[in-house]
Amino acid sequence: MQTYPKKRVEIFIEAPVLNRLLQFLSDQDVTGYTVLPALAGRGDSDRVWSREGQVGDAGRMVAIVMIIDEAKLDTLFDRLYAMVARQIGIIAVSDCTVVRGERF
Amino acid sequence: MQTYPKKRVEIFIEAPVLNRLLQFLSDQDVTGYTVLPALAGRGDSDRVWSREGQVGDAGRMVAIVMIIDEAKLDTLFDRLYAMVARQIGIIAVSDCTVVRGERF
Amino acid sequence: MQTYPKKRVEIFIEAPVLNRLLQFLSDQDVTGYTVLPALAGRGDSDRVWSREGQVGDAGRMVAIVMIIDEAKLDTLFDRLYAMVARQIGIIAVSDCTVVRGERF
Amino acid sequence: MADIFALAGANLISPMVLFFALGFAAALARSDLSFPEAAAKTLSLYLLFAIGFKGGAGVAEHGIDLKLGLTLGAGAVLSAAIPLIAFGILRTVTRLSLVDAAAIAAHYGSISIVTFVAATSALASRGIEYEGYMVAVAAIMETPAILVALWLARSVIAERPTMGSDGGLMREIALNGSIVMLTGAFIIGWITGPAGLAEVSGLISDPFKGVLCLFLLDMGLVAGRGMRSSARHLAPPVIGFGLIMPLIGGTLGALTGALLGLSPGGVALLATLSASASYIAVPAAMRVALPEANPSIYLTLSLGVTFPFNLVLGIPLYIALASMLAGG
Amino acid sequence: MADIFALAGANLISPMVLFFALGFAAALARSDLSFPEAAAKTLSLYLLFAIGFKGGAGVAEHGIDLKLGLTLGAGAVLSAAIPLIAFGILRTVTRLSLVDAAAIAAHYGSISIVTFVAATSALASRGIEYEGYMVAVAAIMETPAILVALWLARSVIAERPTMGSDGGLMREIALNGSIVMLTGAFIIGWITGPAGLAEVSGLISDPFKGVLCLFLLDMGLVAGRGMRSSARHLAPPVIGFGLIMPLIGGTLGALTGALLGLSPGGVALLATLSASASYIAVPAAMRVALPEANPSIYLTLSLGVTFPFNLVLGIPLYIALASMLAGG
Amino acid sequence: MADIFALAGANLISPMVLFFALGFAAALARSDLSFPEAAAKTLSLYLLFAIGFKGGAGVAEHGIDLKLGLTLGAGAVLSAAIPLIAFGILRTVTRLSLVDAAAIAAHYGSISIVTFVAATSALASRGIEYEGYMVAVAAIMETPAILVALWLARSVIAERPTMGSDGGLMREIALNGSIVMLTGAFIIGWITGPAGLAEVSGLISDPFKGVLCLFLLDMGLVAGRGMRSSARHLAPPVIGFGLIMPLIGGTLGALTGALLGLSPGGVALLATLSASASYIAVPAAMRVALPEANPSIYLTLSLGVTFPFNLVLGIPLYIALASMLAGG
Ligand SMILES: Nc1ncnc2c1ncn2[C@@H]1O[C@H](COP(=O)(O)O)[C@@H](O)[C@H]1O
Ligand SMILES: Nc1ncnc2c1ncn2[C@@H]1O[C@H](COP(=O)(O)O)[C@@H](O)[C@H]1O
Ligand SMILES: Nc1ncnc2c1ncn2[C@@H]1O[C@H](COP(=O)(O)O)[C@@H](O)[C@H]1O
Ligand code: NA
Ligand code: NA
Ligand code: NA
């Protein structure tokens, strides 16, 4: 089956700004993303966090996975990065392939 | 340490057909997969979904991650894709390496 | 924007040893990781598991995602693998790129 | 008539309706109020457990009626007949495709257990009794509608590439979690009777109304969110259908109940079951059996239009109708 | 005086305080005891639902006071004024940056609803009544402090590259889940009155105290974990602030309440609200509005220092103070 | 004898057993009925909280017995001795490896708190009292069995490459969440006594039985699913062990209790604790300490075979035995 190369963008971002980030993605006409929960983590700043027993959103992370066309990613990456860098968050980009190339 | 190249298949599929998809994978003798929950998402069709407060399965997605040998994947990919394409779902495939090559 | 190649390490490990694994990562000065929940899975050993209705930790898996520098990974991979191999668990490594190269 | 308005008015300012409205409004205003998925599922299991057990204990106390079998049969027939009517209306007054119309029809033939629970609660506030076995009727009405819808969509199904028989679907539908919980609790309530009820009533009776309010708040949030994101999928004739169809189903149910000689409470519940539209079991079944149908339409219509209609206006109407038909 | 000690002593061995202490100790000892996130959120929604509804039903029963409006206004002023004091102290006695000080100040102007709930429960144990509308005062005090903090940090905000107006923030803060739940339940309690309360009291009255204990156990676990991982972010002067500031806020609140002529219970609650520091709504708002501020500081200070202080010592003190000021 | 059958019969149609059976059957029939993980964990915390608190309040009311210390000691000895017997039997009648046998032995020396709770509930239905401190005995019996199992498997452990001392394990086992919740609630119940109990009894007494039924339904689902997927891991002699071992443990426990002069209720509970097999704490500990052992075997045996046996037949038997031994 014919497949097409795309980018898999994985963003770990603090939960309180999730909605803003998703709004940003919608504004950029991103064709799709999925938000995954995260349980716990540890970062550069030596902060350890865990979702257990927490009521509030501050201090916890969520993950966003987004399969996207490279050209499209290029047009929005700088602004996306600026937004994530201001907050607690990281972005990692890797390669992947999909079937319906035009869909992403 | 000696490592072996494998494929990392990531499937986002609507929750109501998860069990059927897993049954299909078992039927194909897939050696392993892990199902991850998803919280929310947005797709091509502009549908926004969120798991919050939901009782039912319809309208929400789950993720399946499957580390698999390329040859094996080739034998089942067309049928897997046909199954996913009929439903709400996408498949992305990327490269990875593992240690126990024969296990996948 | 300038990006740097890193490794994305994905570990699926049985829940009861999660804390030990995280302690190990801390001891190795790993700069960051995120723990993701898993819902269900199936492995080589034909064991099927599901988190539904479970109170205990035994018999279920969690996922750890870790973006890390290749050189750093090399120094700890053997011990990491030894630890995971003793338990129910697998490790898959893939390539990715990040912006703040020095952070990982 | 004045009575109906009084009933409807009292209903409007009941905690149940107000909490639903709070949730709906909060979602429309984009508040981030929300219940964890696990909480929503657990509340729903609680309601099934409680209503099933109480129904069974009621049967144990009052004995079975000869009418039990008849009412079960009538419920199955209603569940099968209503989709035919719904399908006919949809294909006439809307431009929905055959498969969308069939999928929607399945929802209206099947039932919404929360609507049923809200109706039992409204009856209890008015001191109206009902037959405990109506719980079993609710369980039996979940499924036939699905089969009829598949038959309505048979031309679409026939066109698909064969992909092996799907015997699993029927088992899945018949043994879905809600049905098993409801029926299981009903049977256990029946077996253990008033003594069993006494043991668990600290959980299933005292906090019941409050839990129902919380759950309706959650449903308001989900329904409001659905309307906000998907109302544009609903053309005006489709919305109209979502408001008229419960009245048709409800009337059919009420007439059937009166014919069967059920008590006024029983008639009101059969009307409510017939009027209500599934929003948990049937949508999931449709994703498996009719993936071609657009879920944004049937989910939004059932949960965002018909559920609120029944909760706010339908239930008091069906109760009033039942009192008229079955004396009271 | 002896009275205060008796009160504090009785408080110390109340189940509420003991369960909090259990959680705190278990977390410090690295026990893996923990509540699922969904459970913690649901318990918190339950407490808001119950306290809001009871407050509203109380207003329905006792009618509104002319003081209602005045107390709401006074609450808003306290919420806005306390951050100014807090900021002044922090900038004087600690080495925290302007933005960290502003963020912390917002927490102390705003309120902790669980502290409020614990205080109502302590009042109930002592048979002291309070004005039902104090719940509305709690809701109103959540927000003003945030605006004042943003104004305090205006120099930092001005330096940022413009990134479009953020009109969303105010709506988000005003409609955050806790406020909507609390206010919504309050209004519904008010509308449905004692009859409504009777319907839901099997959920919101009988198990209330026990649920509060469970929730405090969870808070002890979270606070203890926070202290274990982040205590090193808190310099001694900052910890000192976390112990002194509630006394300042509490005294201001108590004086204001006495001036307004509130009942002793009302005075104690206004003191408690003023003394308490937010640990849910404000931290989330700060991550959006002042991401430059270090969350490890404000979260740990609010939850790990001030919350336990208020729970264990503050509440009995504020009650004693209220009895002195407002007679009793 | 007739008595035993009557007891067992009454037990069989109790809501508790029936809900467990419902879950078990639903899982075998592959229904998708399930509780969210968060709900299952929360229900389990609730049961520990309630049973611990009530036990402590009972001790506060009736004072401590000289027997308390003796019974705690006897519990520890039983927990350590039973694994030796279990290991001996397993190595004789099954073909399980040394490490699998040792891991299983640990489960049977340790305890299942839900089995204990079910037994207290069965006692309550029969109006039989028991010593409140049996809760503390339950807590103390969790751990010794694990240490004995590690000693039984010492040859396997010795063969491992050294990987640093694992001092953490003992702390983890001793401070695992269940033990901390149970013991903590027990101590708080003891400190706050009947007054404390009165405050929380709306949560821990009234809904208790119903929550237990829900939890047993969940356990039935999990046990049934486990049997469906893993029964093939259990050879017939292993299943036989899972049915006989509780009788051996139960008899030992009952004799010990009678020797100590416990009340009939206390004897029945000590028998139940000795007969029950852990399925939460010990499996997790085994994954850390004896990863070589196959979890499919010990989890399935404990949860799928011994737990149902005890719930359905064991508990009435142990109660009958206790009445015979301790008068009644
Ligand atoms: N290298 C990494 N790999 C995966 N997740 C990370 C990494 N670094 C940070 N994170 C996640 O981001 C959170 C915040 O990181 P930090 O801002 O460095 O404290 C951590 O708690 C992790 O959940
Ligand atoms: N490009 C994508 N990357 C990640 N997830 C996606 C993507 N496209 C779709 N999804 C997920 O699949 C769901 C359904 O997509 P769609 O069928 O396009 O509405 C979305 O709600 C997302 O959860
Ligand atoms: N190839 C794989 N891809 C993804 N997850 C896997 C794979 N193999 C095993 N797993 C996960 O690891 C668990 C244990 O695997 P096993 O030890 O092979 O039974 C499974 O239940 C899955 O959750
Ligand atoms: Na219907
Ligand atoms: Na305050
Ligand atoms: Na035992």
Side-chain angles (χ1 to χ4, degrees), chain E residues 9-47 50 118 121-122 124-127 201-218 220-221 224-225 228, chain F residues 35-50 52-54 56-57 60 167-168 170-208 210-211 280-281 284-285 288:
Chain E
N11 189 54
L12 266 178
I13 57 159
S14 73
M16 292 187 323
V17 170
L18 291 173
F19 274 106
F20 179 82
L22 171 63
F24 206 91
L28 291 184
R30 287 194 284 151
S31 165
D32 69 349
L33 178 58
S34 73
F35 283 76
E37 181 197 10
K41 288 195 169 163
T42 307
L43 294 181
S44 149
L45 289 172
Y46 168 87
L47 293 176
S121 178
S125 309
R126 292 164 177 76
S201 76
L203 178 69
I204 73 176
S205 299
D206 307 343
F208 186 76
K209 208 81 180 262
V211 174
L212 180 57
C213 287
L214 276 183
F215 190 71
L216 287 169
L217 171 57
D218 176 60
L221 289 165
R225 251 193 290 132
R228 188 152 56 77
Chain F
F35 283 77
E37 181 197 10
K41 288 195 171 164
T42 308
L43 294 180
S44 149
L45 288 173
Y46 168 88
L47 294 175
L48 293 164
F49 174 78
F53 201 104
K54 286 187 224 168
M170 286 306 117
R171 191 187 45 67
E172 252 174 54
I173 294 172
L175 290 180
N176 90 61
S178 310
I179 293 188
V180 170
M181 184 60 140
L182 190 66
T183 317
F186 176 79
I187 293 173
I188 296 177
W190 191 349
I191 297 178
T192 62
L197 184 60
E199 296 202 67
V200 299
S201 75
L203 178 69
I204 72 175
S205 299
D206 307 343
F208 186 76
V211 174
I280 298 179
V288 171

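We name chains A, B, ... by the order of the sequence lines, and we start the count at 1 in each one.
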S.K.: Counting only heavy atoms closer than 4.5 Å, note whether L18(E) contacts chain F via side chain, backbone, both or neither.
M.R.: both
S.K.: Between L175(F) and L33(E), does a side chain to side chain contact (heavy atoms under 4.5 Å, CB included) hold up when you go through it step by step?
M.R.: CA-CA 8 Å; L175(F) 290 180; L33(E) 178 58; over 6 Å; no
S.K.: Among T42(E), L212(E), V211(E), single out the residue with the greatest number of heavy-atom pairs under 4.5 Å to chain F.
M.R.: V211(E)
S.K.: Counting heavy-atom pairs under 4.5 Å to chain E, which of I179(F), V200(F), I204(F) comes out on top?
M.R.: V200(F)
S.K.: Is the backbone of R30(E) close enough, under 3.5 Å, to the side chain of R171(F) for a donor and an acceptor to pair up by distance?
M.R.: yes
S.K.: Quick one: ring-ring contact (aromatic ring centres under 6.0 Å, His included) partners of F24(E), sequence neighbours excluded?
M.R.: F20(E)
S.K.: Using a 4.5 angstrom heavy-atom cutoff, name the option from F19(E), F35(E), F208(E) with the most pairs to chain F.
M.R.: F19(E)
S.K.: So which residue, I187(F), I188(F), V180(F), ends up with the most heavy-atom pairs under 4.5 Å with chain E?
M.R.: I188(F)
S.K.: List the steps, then state whether side chain to side chain contact (heavy atoms under 4.5 Å, CB included) holds for C213(E) with F49(F).
M.R.: CA-CA 10 Å; C213(E) 287; F49(F) 174 78; 4.2 Å; yes
S.K.: Can you tell which part of L217(E) gets under 4.5 Å to a heavy atom of chain F, answering side chain, backbone, both or neither?
M.R.: side chain
S.K.: Is there a side-chain contact between L203(F) and L214(E) (heavy atoms, below 4.5 Å)?
M.R.: yes
S.K.: How long is the gap from CG on D32(E) to CD1 on I173(F), to the nearest 0.5 Å?
M.R.: 11.0 Å
S.K.: Just grab all the ring-ring contact (aromatic ring centres under 6.0 Å, His included) pairs involving residues 177-203 of chain F, residues at least two apart or on different chains.
M.R.: F186(F)-W190(F)
S.K.: Grab the two heavy atoms, one from G196(F) and one from P15(E), that are nearest each other, plus how far apart they are.
M.R.: CA-CG, 4.1 Å
S.K.: Can you tell which part of I191(F) gets under 4.5 Å to a heavy atom of chain E, answering side chain, backbone, both or neither?
M.R.: side chain
S.K.: Between A195(F) and chain E, with a heavy-atom cut-off of 4.5 Å, which part of the residue counts as in contact: side chain, backbone, both or neither?
M.R.: neither
S.K.: Which region of S34(E), side chain (C-beta onward) or backbone (N, CA, C, O), has a non-hydrogen atom less than 4.5 Å from a non-hydrogen atom of chain F, or is it both or neither?
M.R.: backbone
S.K.: Tell me which of these, P36(F), G202(F), S201(F), has more heavy-atom pairs under 4.5 Å with chain E than the rest.
M.R.: G202(F)
